[in-house]
A.B. asks: 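Sharing a structure with you now.
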Amino acid sequence: MSMENQRSAAKPERDRPWLIRTYAGHSSAHASNALYRQNLAKGQTGLSVAFDLPTQTGYDSDHVLARGEVGKVGVPVSHLGDMMALFDGIPLDQMNTSMTINAPAAWLLSLYIAVAEKQGTPRASLQGTTQNDIIKEYLSRGTYIFPPAPSLKLITDVAAFTYREVPKWNPMNVCSYHLQEAGATAEQELAFALATAIAVLDSIKASGQVPEEDFAKVVGRISFFVNAGIRFVTEICKMRAFCELWDEITRDRYGITEDKYRRFRYGVQVNSLGLTEQQPENNVYRILIEMLAVVLSKNARARAVQLPAWNEALGLPRPWDQQWSLRLQQIMAFETDLLEYDDLFDGNPAIERKVGLLKDGARAELAKIDAMGGAIAAVDLGYMKQELVRSNARRLADIETGLTKVIGVNAFTETEQSPLTSGDKSILTVDDMAEQDQIEKLKAWRSDRDQGVVAAALDELESAAREERNIMESSIACAHAGVTTGEWSETLRQVFGEYRAPTGITSIIVTGEDDDIKALRGRVDEVSKKLGERMKMLVGKPGLDGHSNGAEQIAVKAGDAGIDVLYDGIRWTPDELVRNAIDEGAHVIGLSILSGSHVPLVREVVNGLRAQGAGHIPVVVGGIIPDADMLILRQMGVSAVYTPKDYQLVRVISEIVDLVDRKSTEHPVARVADDKSEGAGTTIY
């Protein structure tokens with residue numbers, strides 16, 4: 001018998017595969033439940049719940065800011081009834097559930113526990129993770145609600161509660177995923193994520209809620225959620241650096257002696273930012289290569305993996321698209337011999353050298369953050385956000401100039417038409433009636449509950465928050481009482497207040513000095529002279545979409561070109577944006593929406609301008625926008641539409657300047673006496 005046949009006969013021992021998930025949820029709890037059950041039947045071994053933006057930001061589906069956003073990027077969960085429908089027929093004692101939820105994490109976990117109790121499942125048997133990383137929300141994702149200090153208190157409450165009551169639960173998933181999406185280098189991703197974990201553990205330790213002898217158990221439940229990009233070797237080394245640095249921090253800073261509590265435990269979604277609208281079929285290869293970076297190295301292997309679908313740069317993936325990514329994981333886990341071997345990279349000098357460099361860079365960044373007073377102080381000072389905006393500007397400038405090659409985007413752009421993207425049903429769309437259906441169900445839920453029980457539960461929640469007691473038990477009581485997501489959040493808003501994070505946009509960020517940007521600056525000066533004042537652009541994000549990277553980079557590039565940019569961050573109603581544009585005398589409005597809610601939100605802005613007699617102000621829109629929706633936007637009066645394929649920002653800003661020039665000729669305004677265009681600088685708000 002050959003050696004290979006002997007090995008096959010012996011069936012060598014294999015490591016257990018990682019948890020295999022897909023990130024899913026849309027439209028309604030019932031529709032998402034059907035999707036989860038289909039995916040589990042196909043061999044998925046855990047759930048990863050995507051919540052819609054109103055849920056993530058603590059609003060009920062009928063709030064004014066929720067308009068157009070309900071069910072678009074995830075499932076709406078407004079109360080216990082929604083959560084029960086979401087997990088109908090799925091026994092929670094047999095499930096490992098990851099919930100991508102941050103500011104209202106304590107609330108969604110309370111709803112999950114309440115569902116388990118309705119099923120007769122003990123709390124202690126529940127397994128899963130609440131992402132619960134609010135610091136990265138201030139830096140990249142934008143679904144924060146409260147200021148940093150009370151947000152950190154809520155994370156502390158969840159951690160202190162779960163280690164006692166739900167010991168198999170990960171109370172926080174330190175999320176570096178969105179940091180890379182926002183432009184973080186590998187060193188920044190390492191440092192900013194570890195600084196966040198340190199801030200949380202320091203807060204838990206200082207709270208007095210966890211006895212010293214139990215602190216190691218809390219440390220052992222902190223998990224991480226990371227991003228794996230296309231720089232394959234760097235990503236392998238980054239994960240090994242994460243493991244070694246976390247071991248070092250937990251040992252030296254916190255005195256954790258048991259190896260099992262110092263282990264770096266992480267899940268991963270590979271990089272959606274690098275998925276291209278152009279030649280989208282190439283994304284399948286990108287996803288595979290990026291997954292390899294987090295499963296090949298046994299000593300730094302992910303505990304859970306979820307992969308995006310190949311067409312996520314085009315729109316919402318269909319179940320078949322998610323299945324394709326699921327099968328990729330299963331082939332790697334069950335067909336290859338990867339899980340039969342020890343670490344493939346131990347002792348490799350190139351790997352060890354790169355890991356050492358990444359650790360040195362991360363330590364230097366951590367020392368800088370520590371000197372500022374830690375991660376919370378670095379957020380309040382705007383340091384981390386500004387560094388991410390700066391890194392992202394450099395990354396995009398390198399793509400724009402061709403220094404970084406992206407196949408199908410700025411290299412090898414000639415292509416055949418993909419049969420995968422043809423046809424009306426090549427991407428999934430959410431029924432426009434889903435929002436109205438959800439609102440009607442929410443109204444029925446409110447009318448059918450005992451209002452006295454609701455009021456008493458909310459009073460107890462408020463008392464717990466004001467008295468700085470742990471809010472988990474009172475939140476679970478709220479869940480059983482029928483309290484809604486918006487009511488829970490509003491109660492805590494009244495106690496903690498709300499917060500608007502620094503944008504990271506400053507006039508000192510210079511994106512380039514090549515001939516194109518110099519010519520653009522001259523063109524801006526020319527048009528500003530015609531206007532009689534410095535050209536002014538309002539960059540706005542209507543609705544609840546917190547993905548601000550695109551808006552930030554447009555603001556940076558426009559500011560670098562000499563345009564006065566009005567940018568006040570995320571989460572504005574259409575009416576507020578219209579008022580700001582008129583009050584500030586904007587010559588053009590640029591709206592950035594990546595949540596799929598562009599049609600209703602843009603319509604409100606355009607109609608609002610017309611109602612105020614300002615319909616002459618041109619509106620341009622950027623986002624993940626299908627061709628059919630582009631036509632709708634143009635028909636309603638939008639002057640230009642940009643999608644991820646429009647990566648050449650100098651060209652985009654040039655076209656906007658030309659647009660303002662044309663519109664000013666069509667609708668001239670009186671020239672102001674003081675010519676502000678001479679020597680004007682860039683003012684970015």
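Numbers here are sequence positions counted from 1.
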A.B. asks: For a quick test of reading the model, state the closest non-hydrogen atom pair linking V270 to M291 and the distance between them.
C.D. replies: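 Answer, listing the atom of V270 first, then M291: CG1-N, 3.6 Å.
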A.B. asks: Ring centres under 6.0 Å, that's the criterion: do W246 and F224 meet it?
C.D. replies: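 Between F224 and W246, which both carry aromatic rings, the centre distance is below 6.0 Å.
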A.B. asks: How about P317 and W324: do any of their side-chain heavy atoms sit closer than 4.5 Å?
C.D. replies: no
A.B. asks: Is the closest basic N to carboxylate O distance between K385 and E552 below 4.0 Å?
C.D. replies: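 Yes, K385 and E552 are salt-bridged.
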A.B. asks: Angle between ring planes, F192 versus Y383, binned at 30° and 60°: parallel, tilted or perpendicular?
C.D. replies: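 Rings of F192 and Y383: perpendicular, over 60°.
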A.B. asks: Please confirm whether Y144 and F146 have ring centers closer than 6.0 angstrom.
C.D. replies: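 Y144 vs F146: aromatic centres not under 6.0 Å.
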A.B. asks: Please list all pairs passing the salt bridge (charged side-chain N to carboxylate O under 4.0 Å, His left out) test where one or both residues lie in residues 287-300, with sequence neighbours left out.
C.D. replies: D15-K298, K298-D342
A.B. asks: Closer than 3.5 angstrom, by distance alone: can the side chain of N410 be matched with the main-chain N or O of T404 as a donor-acceptor pair?
C.D. replies: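 A pair under 3.5 Å: yes.
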A.B. asks: Parallel, tilted or perpendicular: which describes the rings of Y138 and Y499, with under 30° parallel and over 60° perpendicular?
C.D. replies: perpendicular
A.B. asks: Are D398 and R395 ion-paired here, with the side-chain N under 4.0 Å from a carboxylate O?
C.D. replies: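 A salt bridge is absent here (no side-chain N lies under 4.0 Å from a carboxylate O).
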A.B. asks: Test E387 against R390 for salt bridge (Lys or Arg N to Asp or Glu O under 4.0 Å), laying out the working first.
C.D. replies: CA-CA 5 Å; E387 290 302 297; R390 194 190 308 274; 3.6 Å; yes
A.B. asks: As a quick check of understanding, evaluate salt bridge (Lys or Arg N to Asp or Glu O under 4.0 Å) for R240 and E235, giving each step before the final call.
C.D. replies: CA-CA 9 Å; R240 292 173 71 93; E235 294 296 336; over 6 Å; no
